Amino acid sequence: MRYDHKKVEAKWQKIWEDKGVFHASEDTAKEKFYALIEFPYPSGQGLHVGHPRPYTALDTVARKRRLQGYNVLYPIGWDAFGLPTENYAIKNHIHPEIVTKQNIERFKKQIQSLGISFDWSREINTTDPDYYKWTQWIFLQLFKKGLAYKKEMNVNWCTSCKCVLANEEVVNGVCERCGSEVIHKVKSQWMLKITAYADRLINDLDLVNYPPRVKAQQKNWIGRSTGAEVDFTATTGDKLTVYTTRCDTLFGATYMVISPEHPLIEKWSDKLENIEEVRAYQIEASKKSDFERTEVAKDKTGIRLNGVEAINPVNNTKIPIFVSDYVLVSYGTGAIMAVPAHDTRDWEFAKKFNLPIIEVVKGGKDAQKEAFTDCASGILTNSGFLNGLSVEDAKAKMIEWLTEQGIGRAKVNYKLRDWVFSRQRYWGEPIPIVHCEKCGFVPIPESELPLKLPMVDSYEPTDTGESPLAKMTDWINTTCPCCGGKALRETDTMPQWAGSSWYFLRYMDPHNNEALASKEALEYWSPVDWYNGGMEHTTLHLLYSRFWHKFLYDLGVVPTPEPYAKRTSHGMILGENGEKMSKSRGNVVNPDDIVEEYGADTMRLYEMFIGDFEKAAPWSPSSIRGCRRFVERFWNLQNILVDGEKIRPELEGAFNKAIKKVGDDIENIKFNTAIAALMALINDVTAFGSINKKELGIFAILLNPFAPHITEEIFEICSLGDGIVAEQKWPEYDESKCVDETTEIAVQVNGKIKAKINVAVDAQQDEVFKLAKSDDNVAKAIDGMNIVKEIYVKGRIVNIVVKP
RNA sequence: GCUGGUGUGGUGGAAUAGGCAGACACAAGGGACUUAAAAUCCCUCGGACUAAUAAUCCGUACCGGUUCAAGUCCGGUCACCAGCACCA
């Protein structure tokens, strides 16, 4: 009686679809559970076996929640704007809309073959005008609140994609997508002021349940530091302001460094004796990309400004000013005070240029030999009115003094920069703004949304870096909504991150024409209860979408300050050789082949059994057979089925423990050990020789979230009751039955195991020791020795410590 | 370089709050069934010493420490993975 997975899986998938059993209901009386996976980008390659890992994991949770009586929302959609589609379209002269449609069809078919319980009635697509209408609407609100603005700036320019990239999209100096060189270019760009939310994006991490490493990464990315600004005065009389986190070390500042782009250089050009040399250095620095400039912590370069010096305000000492590219114009004030005794970079620079090094915090080694940076617990020295204070107190005192003198102030700085939001591409949401000579940038009226992408013949980006839309003169030329005069449409489009920054809201009410979702739906479904995704999205998508959500919260559109109550992340599935799966490495496994050969249930079980969910794991074609064997063994339980309406006493322990273990493990994303527990249970049952209807019913329900098809089939053919999805409840366990009456414990003498004895769980300590000592081996080991100590850890271990 | 993580049999991985290391699988070897193969079922499976599934010893990357007891805690070293890249 071999199990025919093809027949059974097709049968149940049809039943589920016909009955719409996975559609979330709007019954707000029921408790809701909203599970979310990162919606896929429908690429031309189709699915590989890595995709279903998170889908299956949250499907397991979603199915369990339904059995527990929740109203579950588990939706899916398509993050379909993006470069690969556009590039494919250019190459093959097919409209990206058509390519997208084909890719989605393929993805959908593949995902459906896995029996994931998505609510397909809520499927969304970011490239659908009914969807991006609201992406554009959110942009307009950002614009109206001054959070979207246009700025001339140095941008990262991918030489191959001919497109501006966000800092976050540049990896090691090359384009994250295509790996081509990235250079700098000045362009006018739309920016989103994410920095306005920096503090809240850090602080509100306290409200959510994210893994610690995700929180840490977001905090580091935002990079808040608390310090002070100090105004130095140059010998020219100009004010030169620096940012420092260590204002306590001001007495140790022996020189200053400004970035090559600092505006004072131009101002001082006629006073600088070596202006030619400085100019040459500026040119050198501008030629380098950020990558080259920061590539290695290599030799510090720099030029001393001759003719201008600065005055250290605490002791009125004249100190030299250098220009060096290790100081970044984009962070702080673009100028630093250098304290070589307590900063490694300053120390290296001082050594190279032979500058004085003054120790101002005691406790380190020789400041002339190495910088003493880890000095939080040190005591100030050589520092006038700060002498004898701790670093902490000295900071406070210095800020107080600077403020009094009017030459400094406390200041918070962030590494986070504003989000470059424009893309010079076709396949993205048009930015709903026009430019009028008279009125400037004017938003188009909300009634005109969606502003649809026009049909064009060619999607080739222009060599000048304008969007392909720039060639559409009919579309560009329009009238100003403000004055009625001539105006031009914005030709840039939005980045792919736009549509994915709010998609989880649309699922709550996907067909609404009046709002991005109704108030009622937002009230009921917010927040997402459990969001699973990849670690690679921690600093991009996760941060961007939290930012948008907070903005919508401020507008009163959404009811919660945070979008996701809980976040987990999955490890990648690697190729058989332990390398990342990719076409070029030739190690891609297509889930279609696995489903065909072993069935969706086996595929799902293996995806969850493959290893720790949070860690990467290599695909193993032979290990999957173990999961198929387990499926077959479960199927064959019907051969040893007997009648019975209660769990039999002999199996009570095994079943109660399994119910507890499987339930707990699913909640703790330990799917691999949940399945191991079910395998152990089948071993117990098989060894026992029979299973009754009640027991098989419980087994099937426990296994159902992992293997939904075969469990329904067993339920039906063995007449165990109405269908699992239709009628059954997640089983309860009896805590008292999870503990065995007697357990085997190990007996150690001086920490070495000498014997194993069976004792009652509630046995008295004295009894246990007596029993332990009656064992031959133990007796031999303690014979003639003095017992120093006896330890009994209930139900676990006995240790007898002896000395001669 | 900094930050975070990881390191356990031939392989993937278990091990709750410091308490029997190797659960559950895969692969391998042996056996049963079979004309044969597949499938299935049973047995063995970290290493050393062994006739032995008797006893003993070693063993969770490496070195040291705390403890009656360490894969787990502490200090140091090494390797790998991820993120960040001079952030003042």
Side-chain angles (χ1 to χ4, degrees), chain A residues 2 171-173 211-217 219-221 223-225 227 242-247 249 256-257 290-291 293-298 300 324-328 330-339 342-346 348-349 413-417 535-536 538-539 571-572 606 609-612 614-627 629-630 632-633 636 664 668 670 672-683 686 743-756 777 780 788-802:
Chain A
R2 208 182 135 83
V171 177
N172 291 337
R213 58 187 172 142
V214 170
K215 287 191 183 184
Q217 219 170 299
K219 276 184 196 162
N220 292 342
W221 187 264
R224 174 163 60 192
S225 72
V242 301
Y243 173 73
T244 175
T245 55
R246 293 296 308 276
C247 63
T249 61
M256 298 185 78
V257 186
D290 260 359
F291 179 56
R293 218 164 123 170
T294 61
E295 184 178 20
V296 250
K298 60 183 172 210
K300 304 264 175 290
S324 174
D325 63 4
Y326 86 83
V327 173
L328 308 176
S330 55
Y331 185 78
T333 61
I336 62 157
M337 64 177 210
V339 185
H342 303 286
D343 181 283
T344 315
R345 287 155 305 157
D346 296 346
E348 283 169 19
F349 195 87
N413 252 319
Y414 302 94
K415 290 186 205 175
L416 183 72
R417 291 179 221 172
M535 274 309 278
E536 70 275 20
T538 302
T539 47
M572 240 189 301
Y606 182 58
F609 187 63
I610 192 166
D612 184 341
E614 295 187 271
K615 292 196 198 121
W619 186 262
S620 162
S622 56
S623 286
I624 194 170
R625 300 180 52 225
C627 289
R629 270 180 213 146
F630 172 61
E632 298 266 1
R633 290 182 70 198
N636 289 331
D664 290 352
N668 296 319
K670 300 283 178 200
N672 53 338
T673 49
I675 292 169
L678 289 166
M679 288 172 168
L681 182 61
I682 212 167
N683 290 343
T686 315
T743 52
E744 190 188 63
I745 63 169
V747 181
Q748 297 180 333
V749 176
N750 284 349
K752 303 259 182 205
I753 290 166
K754 293 291 168 186
K756 295 186 179 179
N777 255 329
K780 215 179 351 167
V788 181
K789 203 170 182 182
E790 290 174 317
I791 296 138
Y792 172 53
V793 180
K794 198 180 162 206
R796 292 210 183 258
I797 207 156
V798 168
N799 193 6
I800 302 171
V801 187
V802 294

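From a predicted model like this one, the values you see are computed outputs, not experimental measurements. Chain letters run A, B, ... following the sequence lines, proteins first, then strands; residues in each count from 1.
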Subject >> Contacts of type salt bridge (Lys or Arg N to Asp or Glu O under 4.0 Å), residue R629(A), not counting sequence neighbours >> reply: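 Once residues adjacent in sequence are excluded, R629(A) has no partner under the salt bridge (Lys or Arg N to Asp or Glu O under 4.0 Å) criterion.
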Subject >> E536(A): partners by salt bridge (Lys or Arg N to Asp or Glu O under 4.0 Å), with sequence neighbours left out >> reply: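 In terms of salt bridge (Lys or Arg N to Asp or Glu O under 4.0 Å), with neighbours along the sequence ignored, E536(A) is linked to no residue.
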Distance below 4.0 Å between [X] side-chain N/O and [N] OP1 or OP2:
| X | N | answer |
| --- | --- | --- |
| R345(A) | C87(B) | yes |
| S225(A) | A88(B) | yes |
| R625(A) | A25(B) | no |
| R796(A) | U16(B) | no |

**OP:** Using a 4.0 Å cut-off on protein heavy atoms (strictly under), produce a 5'-to-3' string for nucleotides 41-58 of chain B with B for base contact, S for backbone-only sugar-phosphate contact, and - for none.
**Re:** S-------------SS-S
Whole angstrom value for the distance that separates [atom2] of [N] from [atom1] of [X]:
| X | N | atom1 | atom2 | value |
| --- | --- | --- | --- | --- |
| M572(A) | A82(B) | CE | P | 8 Å |
| Y243(A) | C86(B) | OH | P | 16 Å |
| D612(A) | G22(B) | CG | P | 20 Å |

Could you measure between the two [atom1] atoms, the one in [N] and the one in [M], and give it in whole Å?
| N | M | atom1 | answer |
| --- | --- | --- | --- |
| C20(B) | U60(B) | C1' | 15 Å |
| C49(B) | A15(B) | C1' | 29 Å |
| U72(B) | U8(B) | C1' | 12 Å |
| C42(B) | G5(B) | P | 43 Å |

Original post:
Where the side chain of F609(A) is defined as all heavy atoms beyond and including C-beta, which of C86(B), G13(B), C24(B) is the nearest nucleotide?
Top reply: C24(B)
Determine the contact category for [X]: base if any of its heavy atoms lies under 4.0 Å from a base atom, sugar-phosphate if only primed atoms, P, OP1 or OP2 are that close, otherwise nothing.
| X | result |
| --- | --- |
| A616(A) | sugar-phosphate |
| N683(A) | sugar-phosphate |
| E536(A) | nothing |
| T244(A) | sugar-phosphate |

Original post:
In dot-bracket form, how is RNA chain B paired, counting a Watson-Crick or G-U wobble pair only if both its distances are under 3.5 Å and using | for bases paired to another strand?
Top reply: (((((((..(((......[....))).(((((.......))))).(((.......)))..(((((..]....))))))))))))....
Distance-only donor-acceptor hits, side chain of residues 788-796 of chain A, under 3.5 Å, sequence neighbours excluded:
unit_1  : atom_1 : unit_2  : atom_2 : d
E790(A) : OE2    : K773(A) : NZ     : 2.6
Y792(A) : OH     : G795(A) : N      : 3.3

Subject >> Of A680(A) and V793(A), the one whose closest RNA chain B nucleotide lies more 5' >> reply: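 Comparing both residues, the 5'-ward one is V793(A).
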Hey, what are the protein-to-nucleotides 68-72 of chain B N/O distances that come in under 3.5 Å?
unit_1 : atom_1 : unit_2  : atom_2 : d
C68(B) : O2'    : N799(A) : ND2    : 3.2
C68(B) : O2     : N799(A) : ND2    : 2.6

